[in-house]
Amino acid sequence: MDLMKLSKELSYALRHAPWEYELELDEEGWVEISQLLVALHESPQWKEVTEANLEQMIEASEKKRHEIRSGRIRALYGHSTPQKISKIPADPPETLYHGTPSRVVASIMEQGLQPRQRQYVHLSADMNTAEQVGRRRDDQPVILKINAAQAAKDGILFYHGNENIWLADHIPARYIDR
Ligand code: HQG
């Protein structure tokens with residue numbers, strides 16, 4: 001089974017278009033695995049998929065994108081569905097990073113970091129992760145430094161995505177350094 005392809009399909013279903021699978025995310029983004037499997041089994045390429053395959057998919061992925069708990073599964077970050085997934089605020093590390101194409105840096109330094117098509121701004125706990133995120137769109141991305149401790153002190157909320165990814169609603173430009 002192509003676990004990477006399965007992961008992409010699940011990210012699409014659980015981050016962006018659950019209704020295409022007749023699924024409804026609860027407020028934390030969870031769906032019943034049994035319901036997800038019913039939807040996947042309608043497609044010839046996924047008609048053999050089992051819960052064990054979903055576990056293998058999470059295990060095999062280099063990024064922790066999905067989580068399984070008590071018979072349910074959810075995407076940990078990346079959502080674009082109209083109803084905002086609720087996240088529990090958490091204390092961020094002192095500094096967070098954001099890798100982005102150089103062509104958008106001027107705009108970010110003016111407007112701050114905005115979630116754009118997604119529900120949250122995505123930040124990285126380390127520079128390496130930020131570099132990889134930025135490389136998706138630019139061979140030589142710019143790594144912005146976010147003064148997360150100060151922003152949190154000033155009341156900006158941060159949320160955990162996975163161990164490398166943090167989320168926020170918006171990061172004003174005054175907390176961002178090039
Ligand atoms: C940019 C992937 C202009 C922002 C990754 C980014 C990540 C602005 C783009 C996760 C802006 C949004 C998310 C402003 C922000 N003016 N551009 N004011 N504010 N932007 O894809 O952080 O592999 O929604 O810099 O690895 O790139 O799919 O966000 O370039 O973890 O699991 O607007 O998605 O994870 O792009 O990536 P995205 P992102 P997966």
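We count residues from 1, following the sequence as given. Start at 1 and go down the list; that is how both ligands and their atoms are numbered.
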Can you find a side-chain donor-acceptor pair between Tyr12 and Glu20 that sits under 3.5 Å?
yes
Excluding sequence neighbours, so at least two apart, what forms ring-ring contact (aromatic ring centres under 6.0 Å, His included) with Tyr77?
His122
So, Lys84 and Asp169, do they make that salt bridge, N to O below 4.0 Å?
yes
Indicate whether any N or O donor in one side chain lies under 3.5 Å from an N or O acceptor in the other, for Gln132 and Asn128.
no
Between Gln56 and Asn53, do the side chains contain an N or O donor and an N or O acceptor separated by less than 3.5 Å?
yes
Chain-and-number sorted residues having a heavy-atom contact under 4.0 Å with ligand 1 are Arg15, Lys63, Arg65, Tyr77, His98, Thr100, Pro101, Val104, Ser107, Ile108, Gln111, Gly112, Leu113, Gln114, Arg116, Arg118, His122, Val133, Arg136, Arg137, Ile165
So CH2 of Trp46 and CG of Leu10: to nearest 0.5 Å the spacing works out to 8.0 Å
